[in-house]
Structure formats: structure tokens, C-alpha cells
Peer 1: 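To start, I am sharing the structure in question, which I have written as C-alpha cells.
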Amino acid sequence: MSENQPKVIMLVGPTASGKTGLAIQLAQALKTEIISADSRYLYRQLNIGTAKPTEQELSQVRHHLVDCADLDQPWSIGQYKEEAERLIQRLNKDGKIPVLTGGTGQYIRAIRQNWQIPELEADTRLRHTLEIIGEKIGFETLYENLRVMDPTAADFIDYRNHRRTVRALEVIFKTGIRFSQIRSKDESPFDSLIIGLHWQREELYQRIDNRIDRMLDGGFIEEVRDLVSNGYKEPLLRMGVIGYTEVIAFLDNQIDLEETKTLIKRNTRKYVRRQANWFKPTDPEIHWLNAQDPAILEKMLDLVRDHFKAN
RNA sequence: GCCGAGUUAGCUCAGUUGGUAGAGCAUUCGACUGAAAAUUGAAGGGUCCACAGUUCGAGUCUGUGACUCGGCA
């Protein structure tokens, strides 16, 4: 690793694994700051249901990329990567090794693998049009069109995945270039230490269940009711935020409270399993630590020392 | 005690006129380049309550037993 490579500590793990608290402790010990890698912490309007760090927690250590967007102006992977990388650079200039933490695997991987993301903002109208066409002519036919224009992209996109098919076509139509040609990976410009928090599934599921019960008893329903009355129902449903979707159904009298709880728990477990695809036990770069180890903070500090001592 | 209904995957249940079984949910694994807490693919898992009988062949028909749930006494 070269001397001038900006350094970053990534703290990853599934939802409810304890990242928030440990990141704060770690950042305090290292006198540094936290960069969130959570696609739902970005939005000011989302709080209890996303288990966002509390005011009190946020005041302990400087956090970045939390509460920086509005629900009606959603961020994206491209924007996230740009901002996060800028922050990593800047904090390094101040002599700090930032702690990048969050559960959005795509964001983390984009930085780790230095994804070159097509610089093309989402065109909601075009997407909508393509979806309508897909429904008319059949998504298989739409997909066949993609195969003709960009066979490579068709190879890595499942024809049943409408959303990805539509995005690929969107890029092709708007740029005239094949989707598979504009996206790429690159060597990471950062010297990163990646620490993962490991839990047994059963225990994690239990923690999640408890956390959801606490959210629902702790004002989550009121939070969603306020959002709905402030006109955020549409963006919330479109975005598909676990918890919010189910509570909206509850407020609309489509399901009762018991069912709401069950559904949120079920969907959160599914999310945990999807997250595990981004943070794999077999990933050679992730230093997995047992999340329940009482000495975990010391172990993290050891890892930091060992990893960065060379430079 | 009598009458009725039932017993099939971890759970809830399908299973057509007999040809050794399916769905949803759950569980597990995978994909992911400007919506990603999104979107999406795949897999594992059943001595079909037990025993006997009819039949070339029984989850399916017959008998007996066990258990469950209703109703009546």
C-alpha cells in the first residue's frame, strides 16, 4: 500500500448487529468521524423505523451522510459514492481515518471495488414508459430487445428481473452506449480495513424481533402517521422501506397490529439474508469478529493498529 | 358413551375417476453499477398417524386402533 493512499475503516454487518454503537466507540477511541453507509439514514424524515442513531448518539461523534436528503429527492448509489469518497479524502487530509459503517452492501462494495457507475440520473418517465411497454408486449420480449442491443448485459440480468432490464435499456437509450460497456470496476484508491460483526442467525433474529417490538411501542406508528399526513406516503411506498410499508398498510386498516409485527419481522429477516450476500463469511478481506465478544472494541483497535502500522 | 369432521414438508393446507406427492409461508444459498431496507433467481426438506386387508399397484378404497376438533348425551 502506498503512503499516500487515503485510509478508511469499514465496519459492516447485518441490520441490528450493533454497528451503530460500536462505530461510535471506535471513532471516539480513534478521535475520528463516522461516515454512514446506510441508504435509509440519508433521509431526514426516516427515524425510528430505520433504527437511525439517536440525537444523543449523533452528538457523541461527528456523523456524515445522515439526514442529508429529503424523501421526495431520493439519493442514489452514484451520488452516495461520490460524496462518501470525497469525505474519506477530506478526513484523511485532516489526519483522521474515518469509520465507514452501514448495512447497505451495495454502497460499501461500490467503494471497495471502485465501481465506475454510469453517470446518468434516473429518468422516471422513461422508466415508467418502458414498464408500460413491458406490460404491453411482455417483459420477455422487452428483454429480448435488450439481448439484441447488449448481449453481455442480457447475460448478467435475469429476464424476470424487470427493474434491472428497464435500467439497462434506460442507459442504452439515453447514452447510445451499451450498458455493459459503461459500467466497470477499478482498483480501490483506498487503503481499507474491513471489520465484520458476526452473529448466529437465531440470536440475530431474536434481537431483531425485540427491536421491532420496541420500535412499535416507541412511537414508530406515530412517526408513520405524521409522514403520511405530510404527504410522504407515495415516496415511502415507492421506495419500499421495511417497516414503513407495513405500518402504512396498518394505518389503512388492511392488516391488524399483530400481522403488522409479523410482517415487519419476516421482511427484516429476509433483508438480513440478502445483506449476507454483500458481506460474506468467506470474504477474505473481512475480519470477522464475534459481535458478542466483550473485548470486541480492543480487538478492533488491535486490527486497526496492525493494519495501518506499516504506513 | 354416541354422532360427525379431521390426521400429508417446520406451519397452514391442496391432492382430480387408485399409478409412491404439490402450493403459500418459513428455512438456506445466489445475482446485484444512479430506486438497493429496492428488484430478483435457485435449492433443501415428507416411512402422506399406525397396523391389517382389497389390488399388478393405496395419500387416495375397506376394516381396526391411536390422537385432535366439534356436536349430542
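Values reported hereafter were calculated over all heavy atoms of this structure, with side chains retained and with hydrogens, waters and symmetry mates removed. Protein chains get the first letters and strands the later ones, always in sequence-line order, with residue 1 at the start of each.
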Peer 1: According to the salt bridge (Lys or Arg N to Asp or Glu O under 4.0 Å) rule, which pairs have a member within residues 107-122 of chain A, sequence neighbours left out?
Peer 2: A/Arg112-A/Asp283, A/Arg112-A/Glu285
Peer 1: For A/Phe139, check ring pair (Phe, Tyr, Trp, His ring centres under 6.0 Å) against everything at least two apart and list the hits.
Peer 2: A/His162
Peer 1: Between which residue ranges does RNA chain B form stems of three or more consecutive Watson-Crick or G-U wobble pairs, both distances under 3.5 Å?
Peer 2: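 For RNA chain B the paired stretches long enough to count as stems (3 pairs minimum) are B:1-7 with B:66-72, B:10-13 with B:22-25, B:27-31 with B:39-43, B:49-53 with B:61-65.
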Peer 1: Among residues 253-268 of chain A, which residues get a heavy atom nearer than 4.0 Å to RNA chain B?
Peer 2: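 A/Arg266 - these, ordered by number, are the residues of the stretch whose heavy atoms sit under 4.0 Å from the strand.
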Peer 1: I need the OH-P distance between A/Tyr43 and B/A35, as an integer number of Å.
Peer 2: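 These atoms are roughly 9 Å apart.
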Peer 1: Does anything in residues 114-136 of chain A pair up under ring pair (Phe, Tyr, Trp, His ring centres under 6.0 Å), and if so which pairs, sequence neighbours excluded?
Peer 2: none
Peer 1: Between A/Ile48 and A/Val66, is there a shared hydrophobic cluster once you connect ILVMFWY residues whose side-chain heavy atoms come closer than 4.5 Å?
Peer 2: no
Peer 1: Does a side-chain N or O of A/Arg40 approach OP1 or OP2 of B/A36 to a distance below 4.0 Å, or not?
Peer 2: yes
Peer 1: For RNA chain B, find the residues of residues 196-222 of chain A with a heavy-atom distance under 4.0 Å and give them by number; none if there aren't any.
Peer 2: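 The stretch gives A/Arg201, A/Tyr205 as the residues lying under 4.0 Å from the strand, ordered by number.
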Peer 1: Rounded to the Å, how far apart are A/Gln106 CD and B/U40 C1'?
Peer 2: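 Value for this atom pair: 14 Å.
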Peer 1: Provide the full list of ring pair (Phe, Tyr, Trp, His ring centres under 6.0 Å) pairs with a residue in residues 56-111 of chain A, sequence neighbours left out, each pair given once.
Peer 2: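 Counting only pairs at least two positions apart or across chains, the ring pair (Phe, Tyr, Trp, His ring centres under 6.0 Å) contacts touching residues 56-111 of chain A are A/Tyr80-A/Tyr107.
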Peer 1: Return the residues of residues 147-169 of chain A meeting this criterion: a heavy atom under 4.0 Å from some atom of RNA chain B. Order them by number, or give none.
Peer 2: A/Asp158, A/Arg160, A/Asn161, A/Arg163, A/Arg164, A/Arg167
Peer 1: Taking CG from A/Asn277 and P from B/A42, how many angstroms apart are they, rounded to a whole number?
Peer 2: 15 Å
Peer 1: With heavy atoms under 4.0 Å as the rule, sort A/Gly243 into base, sugar-phosphate or nothing.
Peer 2: nothing
Peer 1: Please list every donor-acceptor pair under 3.5 Å in which a side-chain atom of residues 193-205 of chain A meets a protein atom from a residue at least two apart or in another chain.
Peer 2:
from: A/Trp199; atom 1: NE1; to: A/Ser17; atom 2: O; distance (Å): 3.0
from: A/Glu203; atom 1: OE1; to: A/Gln292; atom 2: NE2; distance (Å): 2.8
from: A/Tyr205; atom 1: OH; to: A/Arg273; atom 2: NE; distance (Å): 3.1

Peer 1: Respond yes when some side-chain nitrogen or oxygen of A/Lys270 is under 4.0 Å from OP1 or OP2 of B/C25, and no when none is.
Peer 2: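 So the side-chain polar atoms of A/Lys270 never come under 4.0 Å of the phosphate oxygens OP1 or OP2 of B/C25.
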Peer 1: Can you name the residues that form a ring pair (Phe, Tyr, Trp, His ring centres under 6.0 Å) with A/Phe179, not counting sequence neighbours?
Peer 2: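 Partners of A/Phe179 under the ring pair (Phe, Tyr, Trp, His ring centres under 6.0 Å) test: none.
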Peer 1: State whether A/Tyr80 places a side-chain N or O below 4.0 Å from either non-bridging phosphate oxygen (OP1 or OP2) of B/G34.
Peer 2: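 Checking B/G34 against A/Tyr80, no side-chain N or O comes under 4.0 Å of OP1 or OP2.
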Peer 1: Could you list the donor-acceptor pairs under 3.5 angstrom formed between side-chain atoms of residues 247-258 of chain A and any protein atom two or more places apart in sequence or on another chain?
Peer 2:
from: A/Asp252; atom 1: OD2; to: A/Lys233; atom 2: NZ; distance (Å): 3.0
from: A/Asp256; atom 1: OD1; to: A/Glu258; atom 2: N; distance (Å): 3.2
from: A/Asp256; atom 1: OD1; to: A/Glu259; atom 2: N; distance (Å): 2.8

Peer 1: Once you round it to whole Å, what is the distance between C1' of B/U33 and CD of A/Glu82?
Peer 2: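 Distance check: A/Glu82 CD to B/U33 C1' gives 14 Å.
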Peer 1: Distance check needed: B/U33 C1' versus A/Ile172 CD1, whole Å only.
Peer 2: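 The answer, rounded to whole Å, is 14 Å.
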Peer 1: Between A/Glu85 and A/Lys81, is the closest basic N to carboxylate O distance under 4.0 Å?
Peer 2: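 Looking at A/Lys81 and A/Glu85, the cut-off is met.
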Peer 1: In this structure, how many angstroms lie between the P atom of B/U33 and the CD atom of A/Glu170, rounded?
Peer 2: 13 Å
Peer 1: What parts of residues 113-141 of chain A reach RNA chain B, counting only heavy atoms under 4.0 Å away?
Peer 2: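 Those residues are A/Trp115, A/Gln116, A/Ile117, A/Pro118, A/Glu119, A/Leu120, A/Glu121, A/Ala122, A/Arg127, A/Glu131.
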Peer 1: Roughly how many Å is it from CZ in A/Arg112 to P in B/U33, rounded to a whole number?
Peer 2: 17 Å
Peer 1: Pick the closest RNA chain B nucleotide for A/Ile242 and for A/Gln79 by heavy atoms, then say which residue is nearer the 5' end.
Peer 2: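 On the 5' side of the pair lies A/Gln79.
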Peer 1: Rounded to whole angstroms, how far apart are CG on A/Leu142 and P on B/U40?
Peer 2: 15 Å
Peer 1: What's A/Ser184 touching, base or sugar-phosphate or nothing? Going by heavy atoms closer than 4.0 Å.
Peer 2: base
